[in-house]
Amino acid sequence: MSSGETFDPRQVRLDKLARLREHGMDPYQATTFPVDHLSREITSDYDTLEGQEVSVAGRIMAMRGHGRAWFIDLHDSQGRIQCHFTEDEVGLDAFHLLTELDLGDIIGVTGVVFKTRRGEVTIQVRSFQVLAKSLQDLPDKRHGLKDVDLRYRQRYLDLLSNPEVRETFRMRSETVSFLRRFFDQRGFIEVETPVLLTLAGGTEARPFATHHNALDMDLYLRIALELHLKRLIVGGYDKVYEIGRVFRNEGISTRHNPEFTMLELYQAYTDFHGIMSLVEDMLVSVAAELLGSPVITYQGSVIDLTPPYARIDLVEQLLAKTGVRWTQIRTDQDAHQFAESLGIKTDPSLARAQVMDKIVSVVIEPELIQPTFLWHHPVDISPLAKRDPKAPELTERFELFVAGRELANAFSELNDPLDQRERFVEQQRQRLGGNQETHPFDEDFLTALEHGMPPTGGLGVGIDRLVMLLTDSASIRDVVLFPTMRPAENGP
RNA sequence: GGGCCAUUAGCUCAGUUGGUUAGAGCAUCCGCCUUUUAAGCGGAGUGUCGAAGGUUCGAGUCCUUCAUGGCCCA
């Protein structure tokens, strides 16, 4: 295939690169370009810019040659602007160099703003400079990049060719930025706590393990932010939050990525009722900020984020749905029988309260489309939450469900160090019984609690799921720029 | 872990009942064209049909295994 060799797209581009260099236009030499306008400004401010000289830079996304006049569409961060190149305006030598340009090249142009016969705002180019040559073909300009695998592995191509993807990630950025403003304005301070830990606590999940060479000890990546943020409440900060990556060594699905972003906050002298109000305020505010309305559409469901949200007692709701009062089921065996009577398969190693959690996830959670606080979780599956004084087997905890999915988890934080110690002991007992997902025994945290933590309300929000909701994305991979992937066999 | 689906040119996709030399659009290359815009017109090149086995006179097509991804379930 020796003749085909000359049509290898990359080789063609390398040849063009060499010719550009021969003509004194090295595409990789420029360090700056005096950009003074964005494409969008030129279109929106046409009335004042007509006849003015502007300089813009961007990526060539379309070329339409007409002999001695070429049209080139330039895309910059904000949009698209058409550029008109004529032999008369740019000069014969420069004009001939246009044939050495390709889709994907990055150029800077300087020229005068005008409108074509068809009425499109265009730059009549007087001079241009190649700022970077692309040696690779762009995805199909009509259809964009469709191959899901490639979209994730080479996200930059996805962003280049699919504008709605750029918009989703812009919304993600604005969401996080808004949340920071929201909490900062309410007197919270943002902190950073360690990712590498000797114990991975704060929830029940399997951690990633790694090793510190100098100290010759195993470390774990955090699975939650909780325990260190509470130490800061002990330390005298009344309102703290962290937005950070957590890591859970679990399966990958449309709702799970092994690393994801959590917002956790803790506020002293309030309880889970106070946190409910805060979450309501937060959600309706973020929707208003980003979408201009508290009413949003997610995967075909119309969801109204206007407070107040429904509050459903988990035990009462289970009674209403099944006719069984959970607190009267006393043994693991009875719990499994109950699940079986409902046609729900359960892992035999699960304990009583975990079986209930499973039943709730099937019988109740999927129906919670409108924002709903599901509260009153059993103490057995809430080792860090305060007991309800009126029902000590249950806790002052809620999970917020929207569109059938858990969006937030919160409780009145357990600040009784003796009860906390007993809870950890119980978790250890369950671990010995074969349960892989139990909370570790954290003596250092107990010491912090023994110094006295004020009554505190705490909250965790899955930022990825929040962004999914706000951007109507079906998969978490659509809101994570570079989702976890198996390495490709060949290629990138 | 289980089920279903997908994988064909750089990209987006066709490909009939198993039948000759695997196609289209875009992109690329050559030629023409000074207000086009999915520009147009004329010409050209482009394939390990995801991988490995198997059935068959003959496999992109049927079978098995594997890989990667998607959706659903656990």
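In what follows, chains are A, B, ... by sequence order, proteins preceding strands, each numbered from 1. Source: prediction; values computed, not measured.
Taking a pair to require two hydrogen-bonding distances under 3.5 Å in either a Watson-Crick or a G-U wobble arrangement, B:A22 remains unpaired. Pairing partner, B:C4: B:G70, with both Watson-Crick or wobble hydrogen-bond distances short of 3.5 Å.
For A:K16, a side-chain nitrogen or oxygen approaches OP1 or OP2 of B:C29 to under 4.0 Å.
Between the CD1 atom of A:I476 and the P atom of B:C71 there is a distance of 12 Å, rounded to whole Å. A:D147 places its CG atom 9 Å from the C1' atom of B:U7, with the value rounded to the nearest Å. Between A:I252 atom CD1 and B:G1 atom C1' the separation is 15 Å, expressed in whole Å. Per the geometry, CZ belonging to A:F95 stands 11 Å off P belonging to B:C33, to the nearest Å. Rounded to whole angstrom, the span from the CG atom of A:D137 across to the P atom of B:G10 amounts to 9 Å. Distance, A:K345 NZ to B:A74 P: 8 Å, rounded to whole Å. The CE-P distance, from A:M61 to B:A27, rounds to 13 Å in whole Å. A:D158 places its CG atom 16 Å from the P atom of B:G69, with the value rounded to the nearest Å.
The separation of B:G47 from B:G15, taken at their C1' atoms, amounts to 14 Å, rounded to a whole angstrom. One P atom belongs to B:A38, the other to B:A27, and the distance between them is 12 Å to the nearest Å.
Between the side chains of A:T261 and A:R172, at least one donor N or O lies within less than 3.5 Å of an accepting N or O. Using a 3.5 Å distance cut-off with no hydrogens or angles, the side chains of A:D45 and A:T48 do not pair a donor with an acceptor.
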Letter per nucleotide, 5' to 3', of nucleotides 36-41 of chain B [B base touched, S only sugar-phosphate touched, - untouched; heavy atoms, 4.0 Å]: BBBB--
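Residue-level contact check: A:S161 touches neither bases nor backbone, having no heavy atom under 4.0 Å from any strand. At a threshold of 4.0 angstrom between heavy atoms, the contacts of A:D347 with the nucleic acid are absent.
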